[in-house]
Amino acid sequence: MRIEHYLDELAAEAIMKASGVAAPALLRRAKDPSFGDYQINGVMPLAKIAGKPPRELARSIAENLASQEAISRAEVAGPGFINLHLSLDWICKQLRSMGADAKRDGVPLVEKADKIVVDFSSPNIAKQMHVGHLRSTIIGDALIRLLRFVGHEVIGDNHLGDWGTQFGLLIVGMRRFGSRDELKRNPIEELGRIYKLANAAAKQDEAVADQARLELAKLQAGDGENREIWKSFLETSRVELERIYGRLGVSFDTWLGESFYQDMLDDVVADLVKRGIAREDGGAVCVFFDDISELAALKTPLIVQKKDGAFLYATTDIATALYRRDHLLANRVLYVVDQRQSLHFRQLFAVMAKLGVTMRLEHIGFGSVLGTDNKPLKTREGNLISLSELLDRAEERAAERMRCEGLNLSAQQISDLAPIVGIGAIKYVDLQQNRLSDYQFDWDKMISFKGNSGPYLQYAHARIQAVFRKGGIEPKSLMTDTPLYIEHDTEIALAKQLICFADTIHQAAETSYPHLICDHLYSLARLFSSFYEQCPVLKAEPKQRTTRLLLSSIVSRQIKRGLALLGIEAPNRM
RNA sequence: GCGCCCGUAGCUCAGUUGGAUAGAGCGGCGGCCUUCUAAGCCGCGGGUCAGAGGUUCGAGUCCUCUCGGGCGUGCCA
């Protein structure tokens, strides 16, 4: 059950009864425990409009709410806040129902399911993936898991950068400097190498540049040999990408790269022109936005065809969106792409609107990767750590840690756990902060297992499992219909945090902010650690013991579920 | 030039879309392992929310300006 949602409705009804006006209750979680658990902030603005004294209005609303089962006390405070104290009995009731709901841990499904395409990861197959590419992959994967869990139908699409001007150069480079064997072994590295060489050659020698343009034109015209070389680029790269995705536990429903849409582009442009949306300007075909003030001020059109007749990624994006509407039957598309491309997406979405497309199109932007000097990481230098090396080192660090903890884990167990803990740590750093903020890549922080980190949450989960193991108790066997005895401060705090789970999950899904889940889980794990220190579970008296076991069990399930929604595993021991 | 974003503790960041006394982590200092995993817990210290105006019952959050930083900006993706 979504507690906050529920209370907000109760409050809105009470406001309606007291004032006869349908006004938002503006219910929020109280920051300070002395203000209760939730507070209603909507009375003051309402009183203003109604011309009534706010405290008086608040009093009649509060009286109305006090009779609700969920609320033990509702009191007017300050200029017209209403502080709500939840009834402990009611909280326990919620906990029991969460405890009984093994399938969804009390998280309801959305009322209306969407069909959503999530466009994410989308690496350029000719470029080495590095930490900068990680964000789209990790955030996109988390969003897919989340959206599915709340009931949407989701298609995860890897919109590969497998087409474009670079392939002319790559074909020339492959013929001149390339090695088929090397392409098989280390495709992306080999492509990077020959691209560099070909690029340098083209800069020195105009004939090479001409040759590249010619090869590109041949490729686009369907030339058999060039097509075959291009396909070998694609296939070998895919194998390598799958390897990394496999380590990350990320998968896709479709891999419809840019090349997939190429034969639709003529029609896209012709249609735009026919409808008067695009027009020729300086030899190129452009869409102008004179009618949209924010975009008009920029004075930059969206170019859909270059003067040499070639199409651009904007053209592909339009075709892609149409395809997603007409063939995938989506009503929503999420683009998990670097925030720096926001102008492109604003323009793209504006064009789609002009085309009468009513799908919800959302740019899920994220900040750039910066170095510890706060300057953007440069991709050209070799000083960037490759993705696989990053993963290796995180795993090593995790294994090392487990060896010196004295955990009685076998070498086999440690090597099985290392990827779960190490990669979990990496994913968590990425997801834990607001995605729009720039991302400071700090090696030490990336594989730090302290504080607000993935391993901290996994650790809390593992400790709970250890309690159940030691007690010889099967969590599933816990009776959820027996009364609970929540008394201790840390038990109460824990219980109040637990009942926020459904709200948090839905809020994260609605806003595409996975870090909200991290916030919840971290608070939960902290409260649990505190509880764990202060309240013995196994040695408690029978009444308390049952309660504490149930609390522990729900905490562990929430952590496991929450992490799973982020694409992170929670092992039973570590 | 124009447009977008950002400026919160020494460092890295949250801050629930305008709510009450601004919070975490890391780092620093001091405690806690014969008791369910110390990757932990408890405590202390740390702030002109860049600055100045404005809007109102109420501003880190909204509007204007100034300073500082980042990014984007017609034929790359």
Side-chain angles (χ1 to χ4, degrees), chain A residues 4 26 28-32 34-35 39 41 44-45 47-48 54 77-81 83 122 124 127 161 164-166 258 281-286 288 294-295 297-308 310 312-314 316-317 337-344 346 365 367-368 370 372 374-376 398 401-402 405-408 421 432-434 436-438 440 442 444-445 448-453 455-456 458-460 462-471 503-504 507 511 515-516 518-519 522-523 525-526 529-530 532-540 548 552 573-574:
Chain A
E4 205 168 318
L26 302 179
R28 300 288 126 89
R29 283 181 76 178
K31 265 184 198 162
D32 187 325
S34 67
F35 297 147
Q39 61 185 55
N41 298 334
M44 291 165 285
K48 180 125 199 158
F81 298 102
N83 292 336
S122 310
N124 188 319
K127 283 185 197 155
T165 45
Q166 53 184 330
E258 294 176 347
D281 186 88
V285 182
C286 307
F288 290 90
E294 323 96 79
L295 291 175
L298 290 161
K299 293 186 166 37
T300 37
L302 186 72
I303 298 174
V304 293
Q305 187 166 23
K306 301 201 283 186
K307 65 181 165 198
D308 66 4
L312 299 99
Y313 82 124
T316 312
D317 277 354
V337 179
D338 195 313
Q339 185 59 24
R340 284 176 295 192
Q341 292 194 35
S342 66
L343 172 60
H344 167 72
R346 279 163 66 202
S368 319
L370 309 176
T372 37
N374 265 328
K375 287 182 180 159
R401 190 59 194 263
M402 280 182 274
E405 280 293 326
L407 290 168
N408 279 330
V421 176
Q432 162 268 346
Q433 91 175 11
N434 185 323
L436 286 170
S437 305
D438 281 346
Q440 196 185 57
D442 182 335
D444 291 327
K445 200 172 140 189
S448 156
F449 301 156
K450 294 199 289 192
N452 190 359
S453 67
Y456 177 84
Q458 291 170 325
Y459 182 67
R463 281 166 125 188
I464 297 172
Q465 296 307 311
V467 172
F468 281 96
R469 256 197 319 274
K470 194 142 281 186
D503 286 306
T504 304
Q507 210 183 342
T511 58
H515 81 280
L516 297 177
C518 298
D519 283 351
Y522 180 58
S523 302
R526 268 162 57 85
S529 297
S530 205
Y532 181 85
E533 295 282 330
Q534 293 175 49
C535 302
V537 177
L538 296 174
K539 286 178 187 158
R548 289 178 181 176
S552 300
R573 52 175 91 212
M574 62 185 280

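Just the heavy atoms: all of them, side chains too, but no hydrogens, waters or symmetry mates, feed the values below. The sequence lines fix the lettering, A, B, ..., with proteins before strands; numbering per chain opens at 1.
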Open item on the list: Once rounded to the nearest 0.5 Å, what's the spacing between atom OG of A:Ser552 and atom CZ of A:Phe468?
Closed with: 5.5 Å

Task: Separation between CD1 of A:Ile464 and OH of A:Tyr532, rounded to the nearest 0.5 Å - done: 9.5 Å

Taking the same atom, [atom1], in [N] and in [M], what whole-Å distance lies between them?
| N | M | atom1 | result |
| --- | --- | --- | --- |
| B:rG10 | B:rG47 | C1' | 12 Å |
| B:rG58 | B:rG70 | P | 38 Å |
| B:rC75 | B:rU12 | P | 36 Å |
| B:rU16 | B:rC11 | C1' | 26 Å |
| B:rG23 | B:rG46 | C1' | 13 Å |
| B:rA14 | B:rU73 | P | 25 Å |
| B:rG69 | B:rC33 | C1' | 47 Å |
| B:rC4 | B:rA22 | P | 32 Å |

If you only use heavy atoms from C-beta on, which nucleotide in [options] is closest to the side chain of [X]?
| X | options | value |
| --- | --- | --- |
| A:Asn83 | B:rG74, B:rA20, B:rU16 | B:rA20 |
| A:Gln507 | B:rU16, B:rC36, B:rG3 | B:rU16 |
| A:Tyr313 | B:rU17, B:rG25, B:rA77 | B:rA77 |
| A:Leu312 | B:rU16, B:rA77, B:rG15 | B:rA77 |
| A:Thr300 | B:rU12, B:rG25, B:rU73 | B:rU73 |
| A:Val467 | B:rG74, B:rU37, B:rG25 | B:rU37 |

What are the two closest heavy atoms between [X] and [Y], and how far apart are they?
| X | Y | answer |
| --- | --- | --- |
| A:His515 | A:Gln432 | CB-O, 3.2 Å |
| A:Pro536 | A:Lys539 | CB-CB, 4.4 Å |
| A:Asn124 | A:Gly161 | OD1-O, 3.4 Å |
| A:Ala525 | A:Ala460 | CB-CB, 4.1 Å |

In whole Å, I'd like the distance from the [atom1] atom of [X] to the [atom2] atom of [N].
| X | N | atom1 | atom2 | answer |
| --- | --- | --- | --- | --- |
| A:Leu298 | B:rC4 | CG | P | 8 Å |
| A:Met44 | B:rG58 | CE | C1' | 8 Å |
| A:Leu26 | B:rG18 | CG | C1' | 9 Å |
| A:Asp438 | B:rC6 | CG | P | 11 Å |
| A:Ile464 | B:rC36 | CD1 | P | 16 Å |
| A:Asn41 | B:rU61 | CG | P | 17 Å |
| A:Asp444 | B:rC11 | CG | P | 18 Å |
| A:Leu436 | B:rC71 | CG | P | 17 Å |

At under 4.0 Å, does any side-chain N or O of [X] touch on OP1 or OP2 of [N]?
| X | N | value |
| --- | --- | --- |
| A:Arg340 | B:rC5 | no |
| A:Asn452 | B:rC26 | no |
| A:His515 | B:rG15 | yes |
| A:Lys31 | B:rA20 | yes |
| A:Lys470 | B:rU37 | yes |

Task: Over-ring placement of A:Arg401 relative to A:Phe449, 6.0 Å and 45° cut-offs - done: no

TODO: Flag as yes if A:Phe81 stacks onto the base of B:rA20 (centroids under 5.5 Å, planes under 30°), otherwise no.
DONE: yes

Open item on the list: Is the base of B:rA20 stacked against the aromatic ring of A:Phe35, taking ring centres under 5.5 Å apart and planes under 30° as the test?
Closed with: yes

Is [X] touching bases, backbone alone, or none of the nucleic acid, heavy atoms closer than 4.0 Å?
| X | answer |
| --- | --- |
| A:Ala297 | sugar-phosphate |
| A:Glu258 | sugar-phosphate |
| A:Pro54 | nothing |
| A:Ala77 | base |
| A:Gly161 | nothing |
| A:Leu295 | nothing |

Task: Torsion-based syn/anti label for B:rC62, 90° from 0 as limit - done: anti

Task: Chi class for B:rU16: syn within 90° of 0, otherwise anti - done: anti

Counterpart base for [N], defined by Watson-Crick or G-U wobble contacts under 3.5 Å:
| N | result |
| --- | --- |
| B:rG47 | none |
| B:rU55 | none |
| B:rA39 | none |
| B:rG7 | B:rC67 |
| B:rG1 | B:rU73 |
| B:rU16 | none |

- [ ] Could you tell me whether the side chains of A:Ser453 and A:Tyr522 share a donor-acceptor contact shorter than 3.5 Å?
- [x] no

- [ ] Compute whether any side-chain donor of one residue and acceptor of the other, for A:Asn41 and A:Gln39, lie under 3.5 angstrom apart.
- [x] yes

Open item on the list: What verdict does the side chain to side chain contact (heavy atoms under 4.5 Å, CB included) test give for A:Glu294 and A:Arg346, after you've listed the backbone C-alpha separation in whole Å, the side-chain angles of each residue and the deciding distance to 0.1 Å?
Closed with: CA-CA 10 Å; A:Glu294 323 96 79; A:Arg346 279 163 66 202; 3.6 Å; yes

- [ ] Determine whether any donor atom in the side chain of A:Asp317 lies under 3.5 Å from an acceptor atom in the base of B:rA77, or the reverse, and answer yes or no.
- [x] no

Open item on the list: For the backbone of A:Cys286 and the side chain of A:Asp281, can you confirm whether one donor and one acceptor N or O come within less than 3.5 Å of each other?
Closed with: no

Between protein and nucleotides 39-41 of chain B, what N or O pairs are separated by less than 3.5 Å?
residue, atom, partner, partner atom, Å
B:rA39, OP1, A:Glu405, OE1, 2.9
B:rA39, OP1, A:Tyr459, OH, 3.1
B:rA39, OP2, A:Glu405, OE1, 2.2
B:rA39, OP2, A:Glu405, OE2, 2.3
B:rA39, O4', A:Arg401, NH2, 2.8
B:rG40, OP1, A:Gly451, N, 3.2
B:rG40, O2', A:Arg463, NH1, 3.2
B:rG40, O2', A:Arg463, NH2, 3.2
B:rC41, OP1, A:Tyr456, OH, 2.7
B:rC41, O4', A:Glu533, OE2, 3.3

